[in-house]
Amino acid sequence: MDRIPILKLGGALIVSIQVDMHDRLALALEEDLTAMIARTGARGVLIEISALEIVDSFIGRMLVSIAAVSRVLDAETVVAGMRPAVAITLVELGLELTGIKTALNVERGMALIQVRLSEEDDGHGSDRDRHED
Amino acid sequence: MTVTKTEALPVRSGDDVVRVRQRVRALAVEIGLGLVDQTKIITAASELARNTLDYGGGGDVRMETVLAGTRKGLRLTFEDQGPGIADIEQAMTDHYTSGGGLGLGLGGAKRLSNEFHIESTPGSGTRVTIARWK
Ligand SMILES: Nc1ncnc2c1ncn2[C@@H]1O[C@H](COP(=O)(O)OP(=O)(O)OP(=O)(O)O)[C@@H](O)[C@H]1O
Ligand SMILES: [Mg+2]
């Protein structure tokens, strides 16, 4: 079975979803990401979805679940590059991407993760996180 | 209203669900739906195809391009011979799920379509029809 490659860049993991995912592929990605966060101690996960033509409740649930697991493992998930038509459709579908930060594109997504990484270097990252919640 | 084209696809595997999305997209483009409307009908189709697969035990989808006067539309009918739905109102309620989902598929598909119709007979199956007009 094919799998979606995960890149490690500094303290972040980066995934770019380029194919219309069937369900097994989506589940495999969730598994692989979880294992890799645990193994690498990554603090940020960037999921780039500009190639995705739709996000349905299944993919939405996968994203929410990746974010939830990441949070438990002390990593933050950012979804970048969602197409405007997809965003509009998600709202009408009724899906809320709870716990997920979104960014317009990869650069802005990485910037969000960098902020978190540098806050941690300063030693007060976790305090800020608690205020946000 | 006239049907200008009819196609059918099986919905029996996860790969079939992907194929249904791709075919619905092609037909939506063909009748000239805009990008947002394309996205809505593909998403609705994806939800219904997955229900057909997961709860209906598999089935098929009929895809029709239709013409009402000068208006073009895309009509999709998902049908299975599965266990059916005893309480349709409950199934349509957002966040109701019997299978660990988000319970958004049916309600979402309705919101994403211009027309929505569901028929189900416990013990003999379910048929959901949606349409999106240009
Ligand atoms: N084709 C079907 N045959 C039998 N039962 C169905 C069918 N489609 C839907 N249902 C029932 O209706 C419920 C609601 O469906 P809906 O698609 O709204 O939510 P879900 O599939 O449970 O979760 P989600 O779609 O958000 O992942 C299902 O949990 C199931 O019990
Ligand atoms: Mg569903």
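Everything numeric here is computed off the predicted structure, so don't read it as measured data. Sequence lines set the chain letters: A, B, ... in the order given, protein chains first and strands last, and positions in each chain run from 1.
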Trainee: Can a salt bridge be assigned to the pair A/Asp20 and B/Arg25 using a cut-off of 4.0 Å between side-chain N and carboxylate O?
Mentor: no

Trainee: Are there residues of residues 51-80 of chain B that reach to under 4.5 Å of chain A by heavy atoms, and which ones?
Mentor: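 Answer by number: none.
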
Trainee: May I ask you to test the A/Ile88-B/Thr39 pair for a side-chain heavy-atom distance under 4.5 Å?
Mentor: no

Trainee: Using the rule that two of Ile, Leu, Val, Met, Phe, Trp, Tyr join whenever any of their side-chain heavy atoms come within less than 4.5 Å, decide whether A/Ile66 and A/Val15 are in one cluster.
Mentor: yes

Trainee: Is the closest side-chain heavy-atom distance between A/Ile54 and B/Lys40 below 4.5 Å?
Mentor: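 A side-chain contact under 4.5 Å is absent here.
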
Trainee: Measure across A/Val55 and B/Thr43 and return the closest heavy-atom pair with its distance rounded to 0.1 Å.
Mentor: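 Scanning both residues, the minimum pair turns out to be O-CG2, 3.9 Å.
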
Trainee: Closest approach of A/Leu93 and B/Arg111, non-hydrogen atoms and distance?
Mentor: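 Closest approach of A/Leu93 to B/Arg111: O-NH2, 2.9 Å.
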
Trainee: Measure distances from B/Val17 to the heavy atoms of chain A and classify the residue's part below 4.5 Å as side chain, backbone, both or neither.
Mentor: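 When you check distances to chain A, no heavy atom of B/Val17 falls under 4.5 Å.
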
Trainee: List the atom of A/Phe58, the atom of B/Glu47, and the distance in Å for their closest heavy-atom pair.
Mentor: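 Smallest interatomic distance, heavy atoms only, reads N-OE2, 4.5 Å.
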
Trainee: Is it the case that the side chain of A/Glu92 and the backbone of B/Gly108 share a donor-acceptor pair, with hydrogens and angles ignored and the cut-off at 3.5 Å?
Mentor: no

Trainee: Quick check: closest heavy atoms across A/Ser57 and B/Leu102, and the distance to 0.1 Å?
Mentor: O-CD1, 3.8 Å

Trainee: Quick check: is A/Val19 connected to A/Val79 through a chain of hydrophobic side chains (ILVMFWY, heavy atoms under 4.5 Å apart)?
Mentor: yes

Trainee: Who wins among B/Ser46, B/Gly14, B/Gly107 for the most heavy-atom pairs under 4.5 Å with chain A?
Mentor: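 Top option by heavy-atom pairs under 4.5 Å: B/Ser46.
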
Trainee: Go through the steps for B/Arg21 and A/Asp56 under the test side chain to side chain contact (heavy atoms under 4.5 Å, CB included), then give the verdict.
Mentor: CA-CA 11 Å; B/Arg21 285 202 290 258; A/Asp56 62 6; 3.6 Å; yes

Trainee: Would you say A/Glu96 has more than 12 foreign heavy atoms packed within less than 6.0 Å of its CD?
Mentor: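 No.
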
Trainee: Would you mind telling me which of B/Ser13, B/Gly105, B/Ala44, B/Gly101 has the largest number of heavy-atom pairs within less than 4.5 Å of chain A?
Mentor: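 Among B/Ser13, B/Gly105, B/Ala44, B/Gly101, the one with the most close pairs to chain A is B/Gly101.
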
Trainee: Looking only at heavy atoms, what is the nearest atom pair of B/Leu104 and A/Gly94, with distance?
Mentor: CD1-O, 3.6 Å

Trainee: Taking side chain as C-beta onward, heavy atoms only, is B/Asp15 less than 4.5 Å from A/Arg24?
Mentor: yes

Trainee: Between A/Leu95 and chain B, which part of the residue has a heavy atom less than 4.5 Å away: side chain, backbone, both or neither?
Mentor: both

